[in-house]
Amino acid sequence: QSISFKKHFSNSTAIRIGINFSSSTSKSESNITTYINDTLVLNKNKSDKVSPNIDVGLSTQFLWYVSTHSEFYIFFGLGPQMGYSQSEYSSDVSKSWYLGVRGSVGAEWFASHNFSIHSEYLAGASVISSKEMLWYNDREVIAKKYYTETNSTTLRLNSGTVLFGLSVYF
């Protein structure tokens with residue numbers, strides 16, 4: 001889910017700031033049986049786990065409009081994007097931050113002075129910094145917990161996203 005705010009400076013230029021947010025929760029149930037040297041150590045019949053996930057992002061684009069001498073306009077956009085996501089599953093927690101650039105090409109039909117419908121194709125590049133944390137028990141000593149942390153940096157190139165939207169102007 002996202003919402004954008006756009007300010008037109010002229011018939012050919014505008015700036016758009018967008019905020020997106022998504023959240024989900026999943027619930028899992030499982031039976032856990034732990035053996036050490038073929039001996040039953042722990043038999044937990046039911047494990048309920050609620051796994052929350054969040055994703056929030058911010059993007060800004062400078063837009064250039066090409067007039068077609070009618071109510072239809074072609075536009076190009078370019079600007080920065082950044083965001084944060086976090087997911088949890090069982091004893092695994094993953095956090096990611098990204099910073100990058102996003103470009104778009106689209107068409108907008110101004111049905112009236114205060115209302116338009118648009119569609120656009122997005123592509124971008126981002127650097128993602130991720131941290132994954134995993135807590136687990138030692139199989140030899142059930143009460144002893146270990147913590148593993150993995151940090152990574154990744155370059156992500158993405159394309160193929162098509163957006164449709166309605167704009168209302170005040």
Side-chain angles (χ1 to χ4, degrees), residues 1-7 14-63 75-106 108 118-167:
Q1 299 163 348
S2 66
I3 187 166
S4 296
F5 302 94
K6 183 168 46 171
K7 169 71 174 155
I15 191 166
R16 177 174 59 192
I17 298 172
I19 301 168
N20 66 307
F21 178 80
S22 65
S23 177
S24 64
T25 303
S26 60
K27 182 177 179 181
S28 62
E29 297 179 5
S30 61
N31 294 323
I32 300 170
T33 305
T34 305
Y35 294 93
I36 295 177
N37 299 329
D38 296 328
T39 303
L40 178 65
V41 175
L42 174 67
N43 189 9
K44 189 173 180 184
N45 291 330
K46 193 174 188 181
S47 173
D48 291 334
K49 178 65 181 169
V50 175
S51 303
N53 302 300
I54 61 165
D55 185 10
V56 64
L58 177 67
S59 64
T60 302
Q61 282 190 313
F62 191 78
L63 302 173
F75 65 88
F76 302 91
L78 185 66
Q81 63 179 355
M82 64 180 174
Y84 170 79
S85 65
Q86 179 175 323
S87 62
E88 296 180 20
Y89 182 75
S90 189
S91 61
D92 189 9
V93 177
S94 179
K95 298 178 181 181
S96 297
W97 299 264
Y98 67 87
L99 180 63
V101 64
R102 181 166 78 170
S104 63
V105 60
E108 188 166 3
H118 63 89
S119 176
E120 61 188 285
Y121 178 83
L122 299 174
S126 299
V127 175
I128 304 167
S129 176
S130 300
K131 176 192 263 186
E132 186 172 341
M133 296 156 287
L134 176 64
W135 288 268
Y136 59 95
N137 292 326
D138 187 322
R139 290 198 176 278
E140 298 295 324
V141 182
I142 295 299
K144 190 172 183 179
K145 289 198 173 230
Y146 287 90
Y147 172 81
T148 301
E149 183 175 301
T150 305
N151 294 302
S152 63
T153 302
T154 311
L155 175 64
R156 176 179 65 185
L157 303 174
N158 59 319
S159 65
T161 304
V162 176
L163 299 178
F164 295 96
L166 302 173
S167 296

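If you're wondering where the values come from, they're calculated on a predicted model, not measured in any experiment. As a basis for the values below, the full set of heavy atoms in this structure was taken, side chains included, without hydrogen atoms, waters or symmetry mates. Residue numbers run from 1 in the order of the sequence given.
Rounding to the nearest 0.5 Å gives a distance of 8.5 Å between CD of Gln86 and OG of Ser94. Note: Ile54 CD1 to Tyr84 OH = 5.5 Å, rounded to the nearest 0.5 Å. For the atom pair Glu108 CD and Lys6 NZ, the distance stands at 3.5 Å (nearest 0.5 Å). Atom CD1 of residue Ile15 and atom CZ of residue Phe5 lie 13.5 Å apart, to the nearest 0.5 angstrom. Atoms OG1 and CD1, on Thr60 and Ile17 in that order, are 5.0 Å from each other to the nearest 0.5 Å.
Contact record, Gly103 with Leu78: CA-CD1, 4.2 Å, taken as the closest heavy-atom pair. Gly18 and Ser4 make their closest contact through CA-OG, 3.7 Å (heavy atoms, listed as atom of the first residue, atom of the second, distance). In plain terms, the two heavy atoms of Ser2 and Asn20 that are nearest each other are CB-CB, 3.7 Å. Heavy atoms only, all atoms of each residue included: Leu157 and Ala125 are closest at CD2-CB, 3.5 Å. Nearest approach of Ile128 to Ser96, heavy atoms of both residues: CG2-CB, 4.1 Å.
Side-chain contact between Gln61 and Gln81 is absent, with no heavy atoms from C-beta onward closer than 4.5 Å. By the 4.5 Å heavy-atom criterion applied to side chains, Val127 and Leu99 are not counted as neighbours. Contact of the Thr154 side chain with the Tyr98 side chain is not registered, since no non-hydrogen atoms from C-beta on lie closer than 4.5 Å. Within the 4.5 Å cutoff, the side chain of Arg16 has heavy atoms near those of the Ser104 side chain.
Taking the six-membered ring where the residue is Trp, His118 and Phe75 present perpendicular rings, their angle passing 60° and hence far from 30°.
For Tyr121, there are no ring pair (Phe, Tyr, Trp, His ring centres under 6.0 Å) partners two or more places apart in sequence or in a different chain. By the side-chain contact (heavy atoms from CB on, under 4.5 Å) test, Asp55 is found to be paired with Ser22, Ser85, residues two or more places apart in sequence or in another chain being considered.
Partner of Lys131 under the side chain to side chain contact (heavy atoms under 4.5 Å, CB included) criterion, chosen from Thr150, Val93, Asn151: Asn151.
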